[in-house]
Amino acid sequence: MDYIHDTLSGLRATSPAQSEFYQAAEEVLECLRPLLQSNPRYHEHSIIERMVEPERQIMFRVCWVDDHGRVQINKGYRVQFNSALGPYKGGLRFHPSVNASIIKFLGFEQIFKNALTGLPIGGGKGGSNFDPKGKSDGEIMRFCQAFMTELYRHIGPTRDVPAGDIGVGAREIGYLYGQYKRITARYEGILTGKSLNWGGSLGRKEATGYGAVYFAQNMLAARKEDLRSKTCLVSGAGNVAIYTIEKLYQLGAKPITCSDSGGTIHDPRGINLETLKRLKEVERAPLTKYAEQHAESTYIPKGDYPDDGHAVWRVKADAAFPCATQNELTLSDAKALTHNGVYCVSEGANMPSTADAANHFIASKIAYGPGKAANAGGVATSQLEMAQNSSMEQWSLEKVDAKLQAIMANIHQSCATTAEEFNEPHNLVLGANIAGFRKVADAMIEQGVC
Ligand code: NDP
Ligand code: 2IT
């Protein structure tokens, strides 16, 4: 039996029924084999057993009153995974699918992602199985207030700083912040993704999507290519997808798809960004409305493909940007993509490719940027928001964007050079996992047994 195998078996035994978490842990640990062989001190210090066990997991009841006066109950979570490099940092997800496995996989990924940014932030994640869909503004506010009424005691500007994720955007961050302030009487940077006129950073809203495109630019530049005139597939229609599409247009590419939980839009002339923003950021409407307003587009409802396939990945293109959710791109999708000529995949979402889909991209030697590297621009800009809050400054958009571009270039560089160091040039999954792990593991050893 070996160290990695034993650790993964131990994980399954002590944390049962957490498939997404095992998937994330297995990917990282399997990539570490060559590093652990050449550096026995990680084993000597039991680093990987420590790394897969969160420092702290908080689960709580969230009770709130709906518009009919009925008491509703949801589960709340905050997993404070690793603080070796800084205060816990990571988003909150509100979605009915949220459970302990999903929050742990997201928190685990966040450790290495945050390390790759080179900034002083540890890894954490939280959320609730609350479904914001169809809720009134008053219900959203009362839920957020109830959620923060428990969460406030666990967070702080140098302790744990949550942000948004699926189902949590500027509106929810506002209600969460207001309740923290009401309870504690403190006006401080305990959340990022805040509105611009009360402590938010210019460029944070755009950062994850822009960053995923900058990462693709870096991968392509290493192959003497660029995004100009490239046809691109984007999944999702939320924060990350919208600003991925915006940056693709700015760089001369043509994004022709987007999707939501109901289905996919294929617009061969290019997605109309103005319509998409209005539908999703203002009206909170389904994508069926897009098709009604753009006769040249096609709407393909979900579930049209066998073996879990997704319509968005069946369109011919040059590059793909999965920006919706975990495991939204299966092996059959991955094969369809490479068969149809896609040679660049940059993940805006967290773990959007299943393990076998990711392995297919690696084996195909296409430019493949895994989420923990490619979508790190969001959390990196969150840390820039923290820096602005603590110095009571507000930086210009140009300054924030220049820093974001430099951070994404550095992340690419560190993944690529680490991949080369371990004799797998172009395997950015291996590069990202080893580069992120090494930073956190070395800090843990230096800080002693804790
Ligand atoms: P949003 O809530 O703004 O948008 C999510 C989008 O994905 C929506 O279009 C939603 O459709 C779709 N979606 C969500 N769940 C499912 C599902 N189970 N099946 C099909 N479609 C689904 O979230 P974000 O854009 O912020 O997040 C998207 C991804 O990016 C997530 O993986 C998140 O973890 C990751 N990410 C986000 C960052 C950020 O800064 N926001 C930073 C780094 C990564 P519908 O509205 O119909 O549910
Ligand atoms: O997955 C992620 O990196 C996020 N949802 C953003 C986290 C953050 O703290 O900005």
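In listed order, ligands and their atoms are each counted from 1. None of the values given here were measured: they were computed from a predicted structure.
- Counting heavy atoms closer than 4.0 Å to ligand 2, residue Asn350 contributes side-chain atoms (C-beta onward) but none from N, CA, C or O.
- Contact between Gly164 and ligand 2 is present, with at least one heavy atom of the residue lying under 4.0 Å from the ligand.
- Here's the thing with Asn375: none of its N/O atoms is less than 3.5 angstrom from an N/O atom of ligand 2.
- Sorted by first and then second residue, the salt bridge (charged side-chain N to carboxylate O under 4.0 Å, His left out) pairs with a member in residues 135-162 read Asp67-Arg142, Arg78-Asp160, Asp137-Arg171, Glu150-Arg153; sequence neighbours excluded.
- We find that Lys372 and Glu27 are joined by a salt bridge, their nearest charged nitrogen and carboxylate oxygen being less than 4.0 Å apart.
- Looking from atom 10 (O) of ligand 2 to the surrounding protein, the closest heavy atom is Ser382 OG, 2.5 Å.
- In this structure, the side-chain hydrogen bond (donor to acceptor under 3.5 Å, both in side chains) partners of Tyr210, at least two apart in sequence or on a different chain, are Glu246, Gln250.
- Checking only distances, Asp165 does come within under 3.5 Å of ligand 1, N or O to N or O.
- Relative to atom 1 (O) of ligand 2, the option among Lys89, Gln383, Lys113 with the closest non-hydrogen atom is Lys113.
- Numbered from 1 in the order shown, with element, the atoms of ligand 1 that lie under 4.0 Å from a heavy atom of Cys323 read 28 (C), 29 (C).
- Checked against a 3.5 angstrom limit, the closest N/O atoms of Lys113 and ligand 1 fall outside it.
- Relative to atom 36 (N) of ligand 1, the option among Gly378, Gly348, Gly262 with the closest non-hydrogen atom is Gly348.
- At a heavy-atom cutoff of 4.0 Å, ligand 1 is contacted by the side chain of Lys133 but not by its backbone.
- Counting heavy atoms under 4.0 Å from ligand 2, residue Arg204 touches it through the side chain alone.
- Contacts with ligand 2 closer than 4.0 Å are made by side-chain heavy atoms of Lys125 only, the backbone lying farther away.
- Ser364 and Thr338 get closest at one heavy-atom pair: OG-CG2, 4.1 Å.
- Contact atoms of ligand 1 toward Ala349: 29 (C), 30 (O), 32 (O), 35 (C) (distance under 4.0 Å to a heavy atom of the residue).
- Scanning all protein heavy atoms for the shortest distance to atom 41 (N) of ligand 1 gives Asn239 OD1, 3.7 Å.
- Listed here is the closest heavy atom pair of Ser201 and Gln388: OG-NE2, 2.9 Å.
- Between the side chain of Lys125 and the backbone N or O of Arg93, no donor-acceptor pair lies under 3.5 Å.
- At a 4.0 Å cut-off, not a single heavy atom of Arg93 sits close enough to ligand 2 to count as contact.
- Looking at Ala237, Ala324, Ser259, Ala380 and measuring to atom 28 (C) of ligand 1, the nearest heavy atom belongs to Ala324.
- In this pair, Trp64 and Phe130 present their aromatic rings perpendicular. The plane angle is above 60°, beyond the 30 to 60° band.
- Ranked by closest heavy atom to atom 21 (N) of ligand 1, the top entry among Ser261, Gly167, Pro132 is Ser261.
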